[in-house]
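All remarks here apply to the structure that follows.
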Protein chains: 4
Amino acid sequence: MQIRVGYDVSYTLPQPTAMILTLNIHHSRVSDLVRPDHLLTSPSVRLEPYRDGFGNWCTRLTAPAGKFRIWTDTIINDSGQPEPAAPEAQQVPPEQLPSDVLIFLLGSRYCETDELSDIAWRMFEHAPMGWGRVQAICDFVHRHIAFGYEYADPTLTALGAFNERRGVCRDFAHLAITLCRCMNIPARYCTGYLGDIGVPPAAAPMDFAASFEAYLGHQWHTFDPRNNARRIGRVLIARGRDAADVAINTTFGAHTLDTFLVRTEEVTGT
Amino acid sequence: MQIRVGYDVSYTLPQPTAMILTLNIHHSRVSDLVRPDHLLTSPSVRLEPYRDGFGNWCTRLTAPAGKFRIWTDTIINDSGQPEPAAPEAQQVPPEQLPSDVLIFLLGSRYCETDELSDIAWRMFEHAPMGWGRVQAICDFVHRHIAFGYEYADPTLTALGAFNERRGVCRDFAHLAITLCRCMNIPARYCTGYLGDIGVPPAAAPMDFAASFEAYLGHQWHTFDPRNNARRIGRVLIARGRDAADVAINTTFGAHTLDTFLVRTEEVTGT
Amino acid sequence: MQIRVGYDVSYTLPQPTAMILTLNIHHSRVSDLVRPDHLLTSPSVRLEPYRDGFGNWCTRLTAPAGKFRIWTDTIINDSGQPEPAAPEAQQVPPEQLPSDVLIFLLGSRYCETDELSDIAWRMFEHAPMGWGRVQAICDFVHRHIAFGYEYADPTLTALGAFNERRGVCRDFAHLAITLCRCMNIPARYCTGYLGDIGVPPAAAPMDFAASFEAYLGHQWHTFDPRNNARRIGRVLIARGRDAADVAINTTFGAHTLDTFLVRTEEVTGT
Amino acid sequence: MQIRVGYDVSYTLPQPTAMILTLNIHHSRVSDLVRPDHLLTSPSVRLEPYRDGFGNWCTRLTAPAGKFRIWTDTIINDSGQPEPAAPEAQQVPPEQLPSDVLIFLLGSRYCETDELSDIAWRMFEHAPMGWGRVQAICDFVHRHIAFGYEYADPTLTALGAFNERRGVCRDFAHLAITLCRCMNIPARYCTGYLGDIGVPPAAAPMDFAASFEAYLGHQWHTFDPRNNARRIGRVLIARGRDAADVAINTTFGAHTLDTFLVRTEEVTGT
């Protein structure tokens, strides 16, 4: 299967503005690209790639004042298979976790483990450990939060989403990540593309899609509490502690977002 | 000058409990130690060292159920000089920051840059850039927050401290860090020992002391908005994005803290 | 049980000489010490502790020209139990090894994995995986090498010991480590004290004792191919890739070793 | 100046095989990349990044049985200037070396400092200290070893190269590193790209190029005893104790190398 992925974003900038972009397809999927997902800009500026502490490739640039557009449009090969499930995956006790995984147990900007720990233990102490417990958390989050683009709020945290019971996919992910961490299951935030492949088309315009990975059985496994299903055609962009680490654009200065378009769709033969 | 530093902490644990301890003096000060600051436990347990992603040496252990005590007591050589000031240190524009410094511009668990950005710009846009701006932030935080041990709250964030106008040293640090980051000045959280050296003795029992470092003139510089002074005899333990990264003890399970004692005092000749 | 451990080493130095000493009991056993194992020198010199990349605490000093003596004498509490065996411990496939463990699969100064790989696979391909395979390697090494202090040679490697079939405890360890690594089992070198506790007293003077740890079932386990037994009262000093990383003394210049004494004995009531 | 760098390597694997690849351009040069040097594979497999203990970015993967190809092709900006020389750089006495540099004085897999110490002191005791001594070592190694691709032997060590007087660039580097370490000058192994820029084109097919860094005047300086010249356009991939730490591919199982191609060439305007 081939999937067309891309975005087109434009800004108006009152002055030359430094930006960090986390917009390239994750290096672990680059071999699947039919053509490179070069980040294109207009006007053309010097792009400086770097790798953040999580291994994501990011791009730095300084955009000139005025209109500034960033886009890509590419095609990626995909297995066309749903994400694998591993119901037998065991929880790794904290003392056996690799030391570089421990950071994914700690609190982070949008994941207040300290605030939600008691609630998590009350709710999930009796759930089966391992895969079952993560699935129970996803089931809960999926039921508990009402999805709506109108609820998008870049300052909303897991605790906020838990209390307000509404949000977008990143809030589903933040709440599930936080509950997993409270239960001593390492969890990290993922952002990427996710099209309506194998599911009815959504009415809303597309956006990047948040999911998360939980560390079970000495491997990372993908979960998606927003959709709560093993999906086809998810394309990873970046991973981090939460959305703060993998903002698609961190802009150092005032700016206006003029247009924002994300595309993810199966390439059909016709 | 020699400074005696140490701590003595004890817990009651209902069951065997995994712990991560960030309690060793920072590797950058190790060569000043008169003797190693070994972490001692009673009962004795297997200790496993590792270095976290910020370079701090951490210790993992599994404590048995029952009473569990952790302590150290050592002596460190110190210059006896106040921390240097560098009023000429310039701000580094975002596009020139080393890529591994960029993470210290982002939001983190206790530093809600997104929530405080507008406030920061309103307050500090006209402060001189560089050292002067960080000092202006420290002056503000020092005045704005009332210090009191009774305000200690492990879930309090920079925004909370800004609104409630009270806190302990870590809250002073979190607010100043957040305001610096909002102004595009990288800032990282520091924890360590700080005795009453060169200042009148405090009435309160001692604790670990939070401060922060700001990146100016291509170097990190120490600031302490709680005391708002260049101090003598600060001994660094660990650095991270905020207090979530350098908790002295991350405990994976329920526990009671029975005693908590920190010592930092000049070794005198008598 | 209490064990008295210590050493007494003296040198004649033609000129002031920098030294690195890896002579302190490993930090993970410091809580068991009845009194600190301070490294004592005559004449007294400034000692500078530091931590190497493996987490061992080391000591740097500059010894003056002339006679220079280093010693310690202390007592450590011990469980008195033989080292635990874990015959069920599984081999961790390379793709699931923590990334900081991978270095213990590579070749190192005295462990030529490249030279011994074919031999290792021929000999151990059909041994049961996991604990059984490491034990089979220890059994082989124990039989293959003749022990003798007269064979001590600081430049002897695993390949040399394999070919010459003789050596001291460090050669047994190097050969077993190398064979484990060839079979994709991470293995690291250990040095420490080991007295004749629970075994008939040896005729020879004591020395530090080499052993190794293999990574099985997501934990490190101790093996001792020289004695090929679960022993009582082993006291760890340091761990590394091989003996090159944990030399008790690395001396930067010419020197004469005048005396060398190591003591490890059970403290009895009389 | 822009330099096109890349490689194309293919294997036949009898069974699914875990690999560690150290093939990305070093993080210190990443901001010079015109586009990321993503590691591409066919078939596409899951790539997992990690940073080794020397700070190099590595990639882990499990290749399927059958044909497996790995390649990259990218462009990097370069100053076009020869590597700087610093003839005034002083030797740092061992007691003043930073503790994390000390490991680069010890023996390692291909650098038998113990075997070559006497020879080193006899040859270089009267060479000027500091830069001059390292240069004298490079001059000696350059003269002493005959270069020839037919001498390539992955088990050849510094001692072997010294005795056999032949080898490839990694053997030149290993011998010079060993001699430096014997003279108490920290030295570390480097691998990277090096094209025929500013020099006559070589007849032989390209390969990765070994060089080394010596620690003088509190900085690391590049030396290349194979070419014994300050070259233009060297692109670092990784650093370690010797070639064992930075193998481009560590493969956990039997395999056949089918093709191996490295490209490094100036991008010209035509």
Side-chain angles (χ1 to χ4, degrees), chain C residues 16-20 45-46 48-54 58-63 93-100 102-118 121 153-157 159 178 181-184 240-247 250-254, chain D residues 16-20 45-46 48-54 58-63 93-100 102-118 121 153-157 159 178 181-184 240-247 250-254:
Chain C
T17 303
M19 293 185 175
I20 300 174
V45 295
R46 174 174 147 85
E48 201 182 298
Y50 74 95
R51 216 162 173 174
D52 70 15
F54 302 99
C58 306
T59 302
R60 299 167 72 172
L61 59 81
T62 302
E95 61 274 17
Q96 288 186 22
L97 290 170
S99 58
D100 56 359
L102 294 172
I103 197 170
F104 297 106
L105 286 175
L106 304 182
S108 56
R109 171 67 189 96
Y110 300 109
C111 299
E112 306 103 324
T113 49
D114 43 6
E115 299 274 13
L116 282 162
S117 186
D118 289 349
W121 280 93
D153 171 0
T155 68
L156 191 66
T157 66
L159 180 63
T178 308
R181 292 182 188 169
C182 288
M183 304 308 291
N184 297 337
R241 286 166 74 165
D242 63 27
D245 288 335
V246 293
T250 303
T251 303
F252 297 101
Chain D
T17 302
M19 293 184 176
I20 300 174
V45 296
R46 180 180 171 134
E48 212 183 300
Y50 72 95
R51 267 182 116 148
D52 70 16
F54 302 99
C58 304
T59 302
R60 300 167 70 173
L61 59 82
T62 302
E95 62 274 18
Q96 289 180 23
L97 290 169
S99 60
D100 55 359
L102 294 172
I103 197 169
F104 297 107
L105 286 176
L106 304 182
S108 57
R109 171 65 189 96
Y110 300 110
C111 299
E112 306 103 323
T113 48
D114 43 6
E115 300 274 12
L116 282 161
S117 185
D118 289 349
W121 280 93
D153 171 0
T155 68
L156 191 65
T157 65
L159 180 63
T178 309
R181 292 182 188 169
C182 289
M183 305 308 291
N184 297 335
R241 287 167 72 166
D242 63 26
D245 288 335
V246 294
T250 302
T251 303
F252 297 101

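Scope of the values below: all heavy atoms of this structure, side chains included, with no hydrogens, waters or symmetry mates. Below, read A as the first sequence line, B as the second, and so on, with proteins coming before strands; counting in each chain starts at 1.
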Chain C contact via [X] - side chain, backbone, both or neither, heavy atoms under 4.5 Å:
X        : result
D/Pro98  : backbone
D/Asp245 : both
D/Pro154 : backbone

Is any side-chain heavy atom of D/Leu97 less than 4.5 Å from a side-chain heavy atom of D/Leu105?
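D/Leu97 reaches D/Leu105 side chain to side chain.
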
Just by modelled atom types, is the D/Leu159 backbone N or O under 3.5 Å from a matching donor or acceptor in the D/Glu112 side chain?
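Looks like yes, one N/O pair under 3.5 Å.
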
Quick check on the interface: out of D/Cys111, D/Ser99, D/Gly53, D/Cys58, who has the most heavy-atom pairs with chain C under 4.5 Å?
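The answer is D/Ser99.
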
For the candidates D/Ile103, D/Thr155, D/Asp100, which exhibits the highest count of non-hydrogen atom pairs separated by less than 4.5 Å from chain C?
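Max contact count across the listed options: D/Thr155.
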
By side-chain hydrogen bond (donor to acceptor under 3.5 Å, both in side chains) - contacts of D/Glu48 (at least two apart):
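side-chain hydrogen bond (donor to acceptor under 3.5 Å, both in side chains) list for D/Glu48, sorted by chain: empty.
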
Using side-chain hydrogen bond (donor to acceptor under 3.5 Å, both in side chains) as the criterion, list what pairs up with D/Arg60, not counting sequence neighbours.
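Checked D/Arg60 against side-chain hydrogen bond (donor to acceptor under 3.5 Å, both in side chains); zero matches.
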
Between atom CH2 of C/Trp121 and atom CG of C/Asn184, what is the distance when rounded to the nearest 0.5 Å?
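Output value for this atom pair is 5.5 Å.
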
Taking atom CZ of D/Arg109 and atom CG of C/Asp114, what is their separation to the nearest 0.5 Å?
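It is 4.0 Å, given to the nearest 0.5 Å.
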
Using heavy-atom distances under 4.5 Å, tell me whether C/Tyr50 contacts chain D through its side chain, its backbone, both, or neither.
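Only the side chain of C/Tyr50 comes within 4.5 Å of chain D.
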
Heavy atoms only, distances under 4.5 angstrom: which of C/Asp242, C/Leu102, C/Leu61, C/Thr113 has the most pairs with chain D? Name it, please.
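So the answer, after comparing C/Asp242, C/Leu102, C/Leu61, C/Thr113, is C/Leu102.
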
